[in-house]
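Remember, it's 1-based here, ligands and their atoms both numbered in the order they're listed.
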Amino acid sequence: MSELNKRTKLVHGGTRRSQYNEVSEAIFLTQGFVYDSAEQAQARFIESGPDQFIYARYGNPTVAMFEERIAMLEGAEDAFATASGMAAVSGALTSMVKAGDHVVSARALFGSCLYILEDILARFGVEVTFVDGTDLDAWQNAMRPDTKVVFFESMSNPTLEVIDIASVAKIAHSVGSKVVVDNVFSTPVFSNAIAEGADVVVYSATKHIDGQGRTLGGVVLGSKEYIRKTLEPYMKHTGGSMSPFNAWVMLKGLETIDLRVRAQVTCALAIAEALQGNGALDRVIYPGLKDHAQNALVQTQLDGKGGTVFSLDLKGGQEAAFKFLNAMQVAVISNNLGDAKSIATHPATTTHQRLSEEQRETLGITPGLVRFSVGLEDADDLIADITQALAASQA
Ligand SMILES: *Cc1c(COP(=O)(O)O)cnc(C)c1O
């Protein structure tokens, strides 16, 4: 299986068949597992093999299939599936640090990630330094001998800055720090994060892995040593494991993720190009456009693919942004991303509402900013819809 290409692994990787030899992966909707004898139960609690399960919080056959398949896609030794993307982020970070440690993080973060770093870790005596993730000198200057973890979103939400994984990893490793990358916006389809030096890669599976807006989930990927010795004990005792049903949804999502995400990226680029020079806009932010500040990095790090999300900065601030959202006929107003349905959101009043006005200004989250997650609709329909809604925004 390891010599096969990604598309093949996404369809067949990790499959475990029951005694019925089913084609489609079975959902093992069970909390527990029966032992043949008291001695077997005792032995399993001492050490359990890959097909020996104890309790669904520790592991489950359907969840294990998902973990194996996503690990193959990412090129990671192992994976642990979690109840949500935030369970993955908080588990990855919290399992690695203790009071007195130092963490360096990019400043541009998903709101809940920022809460973990700024509020929770600080409360437990972990010091966090925030830097501009695109500034390699800032990373270098923030490193200390006691820096244990470096954390960043490889493509930030919602302003879509792209961070140089290989360069930041080199800086972090020079002081012995581990590198944890939240890779949602880059998507597992285009990720080479482990090869580029990330020690741990985290996804919200809720986004492109499900891809049809049904279930919450997350996954942490890394070395076998880290996943089984550091993360698994933390996750299985704190309760953030993925449910078998959700793992089944994610497993089936992986079968189509390559096709879906590539179609979404092609469509996102077509829309971003069509909106160039639109009079209602101050800016079109899309990493796949040549004028994006990190487009050169997108070419090397993401195979030239700018992702499935673009952001628009509308002339006329919040009023224009709201008129735009309310005028859309095809895309829906919601806050998920990576869905089959195109979704638009106004970060300043929703996902990033909790931030102070200064924080939003530093991050470039202006009152006129709209984030648009491209779905699987026809590109011409989306361009026509966005164009009419932009015209309505200025009326
Ligand atoms: C959505 C998201 C998360 C959180 O994922 P959930 O599945 O909603 O818990 C974390 N990081 C990024 C970058 C995200 O987009």
Self-check item: V181 vs V200 side-chain heavy atoms within contact, under 4.5 Å
Solution: no
Exercise. Could you tell me whether D339 and K341 make a salt bridge, using a distance below 4.0 angstrom between a side-chain N and a carboxylate O?
Key: no
Exercise. Determine whether any heavy atom of A87 lies closer than 4.0 Å to an atom of ligand 1.
Key: no
Quiz prompt | Atoms in ligand 1 flagged as close to S84, the criterion being non-hydrogen separation under 4.0 Å | solution = 7 (O), 9 (O)
Quiz item: Parallel, tilted or perpendicular: which describes the rings of F310 and Y286, with under 30° parallel and over 60° perpendicular?
Solution: perpendicular
Practice problem: Indicate the ring-plane relationship of W248 and F245, choosing parallel, tilted or perpendicular according to the 30° and 60° boundaries. | Solution: tilted
Quiz item: So, E22 and R17, do they make that salt bridge, N to O below 4.0 Å?
Solution: no
Practice problem: Tell me which one of H208, E153, M86 gets a heavy atom nearest to atom 9 (O) of ligand 1. | Solution: M86
Quiz prompt | Distance, nearest 0.5 Å, that separates CZ of F66 from CD1 of I209 | solution = 4.5 Å
Exercise. Decide whether an N or O pair under 3.5 Å exists between G85 and ligand 1.
Key: yes
Quiz item: So which heavy atom in the protein is nearest atom 12 (C) of ligand 1, and how far is it from that ligand atom?
Solution: D182 OD2, 3.4 Å
Quiz prompt | Taking atom 7 (O) of ligand 1 as the reference point, the nearest protein heavy atom with its distance | solution = T206 OG1, 2.6 Å
Quiz item: Which of the atoms of ligand 1 are close to G217, meaning less than 4.0 Å from one of its heavy atoms?
Solution: 7 (O)
Quiz item: Does a side chain donor of either T350 or N335 reach within less than 3.5 Å of an acceptor in the other side chain?
Solution: no
Quiz item: Is the shortest N/O to N/O distance between N157 and ligand 1 below 3.5 Å?
Solution: no
Practice problem: Tell me which protein heavy atom sits closest to atom 2 (C) of ligand 1, plus the residue, atom name and distance to 0.1 Å. | Solution: K207 NZ, 2.4 Å
Self-check item: Ligand-side contact atoms (ligand 1) for residue partner F185, heavy atom cut-off under 4.0 Å
Solution: 15 (O)
